[in-house]
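Everything on this sheet refers to the single structure shown next.
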Amino acid sequence: MNHRLDTTPSRVLALILPQWPNDPTADMVAALSQALVDVIPGWRVISSRAFAITLRGATRFYGSEIAVATAIHERLQAGLDEPYGQAQIGIADTLGAARIFAHGAQLSVSALNVPSGASPSRLAPLDIGTLELLQPDTAELVSMLQRLGVNTLRAFADLDSVALAARFGQASVALHNAVCCTDTDAYNELSLLTAAHDHTVQVVFEPELTLPEQVAFSCVSAAETLVANLFAEHLVCTEITVTTVGAHTITKQWQHASWFRSRDIVDRVRWQLAHHSEATSTSDDDPELQASRESISAVIISPKTTESVNNHQPGLLGGHDDGALQDTIARLQSLHQYDAVLSPRIIGGRLLHARTQLTPFGQQPAPAQAATLPWPGHLPKQTLPTTVPRAPALCAVHDADNQPVTVTERGELSAVPAIWIHKANAQHIHAWWGPWELYEKWWTDTPVRYRIQVVTDSGSAALLIYSAGNWYIEGTYS
Amino acid sequence: MRAGSTAVISELKARIKGAELAESTHSIPTLPTHPAVHRLLGSPLVAGGCYSVIGSATLAMQFLQAASASGTWCAVLGVRDFGYEYAASIGMRLDRMVSIPHLGVDWMSTAAALAGAACTLLITPPTPPTSAQAERILSKLRAHGSALVSTSKWPHALATVQIEATHWRTDTDFLAIAHRDVAVEMRGHTIRKSA
């Protein structure tokens, strides 16, 4: 090794905004992050009102640590309304110590600057309750320590960290490291403060484009820019809003099962246009309609929900089982229509086909009533058919004289069902059960519906629905 | 040396044969299998195997049930009237299921892609697969360790199960899939099974 790492520890500045509201407006958050970044870039976030930064370069730039603190104070006072700009600043060798000193700093004092190496001796006499400043949910630990006679941070620092871990868990070790000023990694584990940038990208077409494929292809580089910009801030987006500007401007939100790569964004643009042109053209064969397909003058893509890259590591590495499946499905979706690959779920309802909701894979399902609510008239579990057509299929039930069977107002069959006719195929009914009334919106004028079950001589079994003189197949048992 | 490699080759041949017949469960990777299916086949489902289950949606679902219940992904291809609620009622996980009800002309590529991603596949092929097409999917299934269940005839199927006769019990208050006995034919063997 012929090079030497710079191992002089960087000093840490901790900043606390005691007057910061719990529910700041987006403008306030933007103003705060802008003010902080103006003084020094690269802040880390401890909480919504506490931030930290290492001072190596800033001290050189401003001349001294006190000068940095003064610059921060001035910039916050100038950039934020009273009293939000009031800040407490602590500077020490390590993050934990800097945070404790920041809490100790008076609002008027510009900074509580503890010289290098002096942190442990300054912390030592402080009360054990100081730990609650570092971690809000430590009241129980503190009271336990007090009962054990550990009343100062010095006594806490003297405890053996292995024994502490065994007795109080890993969280207590983090506090122990902070008090011993050995929490060198704690700073790096904090997430970066990102300025609330707008990552929206826009593509303008001059002249206007008509073919969805053309439009989508023209969005490739914009989509790549969007993803790259997010990456630069260690972000990925899981939800985007796509606006296609034309005679009819359409805005649609798209979710992704994992996160959007540029090709996924391009697919969503294409699907949005293709879906719209399908919906508007009354006949696919009409050449005039095809020719008059809407021209698009611009596409605006903005990320709606972004998440830290860290939350998506398995997918990024590609080693995860779900990742492989989601990649395959994303590929299939871009080959076919986006609504070709579906995710099923059971929702509330009485008729079986209405209880199954199929949503394009990766999309948020439309809100629906819960299947677990009581649904009077819903089939008990053991009578569920094994095949269910997506819409009840028309059929006929006749008696032995080949006359249609109906259900009377009293809820009884008009005759004994003998023949079940479906798609010109008549089968003799061997046995039947029912009719059972579907308890529906009896207060409306919709006719009462009934269910019967039939088994034919050939062993076919079906669940039929009677509605206003007609019979339908709700499901079959096979 | 020569004698040694011959021995290895014959051992490999024996293992391939074993895998194809699904007679031995030693050294062959298997998937979680419903006890009724295990009894029917005489062995667990083989990872990389194809099965043909004709005439019974219930039985086809039972082939997939245990693997799905264990949390692996299941792909349902070309089955337009799949009874999702029944599937859920026997413990299949819908949150780990993808369905492509309408397979296109190029359904082979779709099936092959999912054979390399999902753990189990249920398929109603729109057209009877040729031997070459089935081979292509089979190689994907073997590489990924997944299993395929077809609701119609499938070339190179380890087992073909066909419903021969169904008897419904009529002395009940309602009709339920549990109230039936089916006779199934499997590779020429007829065994009675209560569904």
Side-chain angles (χ1 to χ4, degrees), chain A residues 321-329 331-333 335-337 339-347 352-353 355-358 361-362 371 378-390 393 430-434 436 451-456 458-463 473 475-478, chain B residues 55-61 71-73 75-77 79-90 92 94-104 106 109-110 112-119 144 151 163-180 182 195:
Chain A
D321 185 33
D322 282 12
L325 183 104
Q326 277 157 3
D327 281 352
T328 304
I329 288 170
R331 215 169 55 240
L332 290 173
Q333 284 178 318
L335 280 174
H336 304 108
Q337 285 294 331
D339 55 358
V341 187
L342 304 168
S343 299
R345 72 164 182 157
I346 303 300
I347 56 171
L352 283 170
H353 75 279
R355 286 176 62 86
T356 299
Q357 185 187 41
L358 295 168
F361 191 89
H378 173 63
L379 287 179
K381 194 175 155 184
Q382 59 269 46
T383 61
L384 287 169
T386 55
T387 65
V388 177
R390 289 307 296 152
H430 167 67
W432 54 277
W433 293 261
W436 297 287
R451 281 192 172 111
I452 66 165
Q453 292 178 310
V454 295
V455 166
T456 69
S458 60
S460 304
L463 175 71
I473 303 172
T476 62
Y477 302 86
S478 72
Chain B
S56 172
T58 322
L59 192 53
M61 284 190 213
T72 59
W73 281 92
V76 178
L77 309 177
V79 190
R80 295 182 192 185
D81 54 1
F82 189 81
Y84 295 98
E85 196 161 4
Y86 176 78
S89 79
I90 61 167
M92 292 182 75
L94 299 191
D95 59 340
R96 297 242 136 195
M97 186 183 282
V98 287
S99 179
I100 306 184
H102 299 272
L103 290 172
D106 193 23
S109 311
T110 304
L114 282 164
C119 179
H144 187 245
T151 61
I163 300 291
E164 288 288 279
T166 309
H167 173 73
W168 292 92
R169 291 203 285 276
T170 52
D171 56 344
T172 52
D173 294 338
F174 51 78
L175 179 76
I177 200 76
H179 298 165
R180 70 166 186 176
V182 289

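In what follows, every chain begins at residue 1, and chains take the letters A, B, ... in the order their sequences are listed. Values below: every heavy atom of this structure, side chains too, minus hydrogens, waters and symmetry copies.
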Separation between CG (B/L175) and CD1 (A/I452), nearest 0.5 Å, reads 11.0 Å

Heavy-atom nearest pair, B/T170 first then A/W433, reads CA-CZ2, 3.8 Å

Exactly one candidate in A/V341, A/L342, A/T328, A/L332 meets side-chain contact (heavy atoms from CB on, under 4.5 Å) with B/V98; the answer is A/V341

Under 4.5 Å to a heavy atom of chain B? For A/Y477 that would be both

So B/Y84 and A/L358, side chain to side chain contact (heavy atoms under 4.5 Å, CB included) or not? Walk me through it. CA-CA 10 Å; B/Y84 295 98; A/L358 295 168; 3.9 Å; yes

**Prompt:** Considering residues, nucleotides and ligands other than B/D95, do more than 12 of their heavy atoms fall under 6.0 Å from its CG?
**Reply:** yes

inquiry  = Is it the case that the side chain of B/W168 and the backbone of A/G459 share a donor-acceptor pair, with hydrogens and angles ignored and the cut-off at 3.5 Å?
reply    = yes

When the 4.5 angstrom heavy-atom criterion is applied to B/I90 and chain A, the contacting part is neither

Interface check, chain A: of B/A87, B/A75, B/S109, B/S89, most non-hydrogen pairs under 4.5 Å belong to B/S89

Under 4.5 Å to a heavy atom of chain A? For B/D106 that would be neither

One should read off an interatomic distance between A/T386 OG1 and B/L59 CG, to the nearest 0.5 angstrom, of 11.0 Å

Under 4.5 Å to a heavy atom of chain B? For A/T387 that would be both

Cut-off 4.5 Å, heavy atoms of chain B, and the answer for A/H353 is neither

Just wondering, do A/I346 and B/L94 contact through their side chains at under 4.5 Å, heavy atoms? yes

Pair count under 4.5 Å, heavy atoms only, with chain A: among B/E85, B/H102, B/R80, highest is B/E85

Turns out that what part of B/F82 lies under 4.5 Å from chain A's heavy atoms comes down to backbone

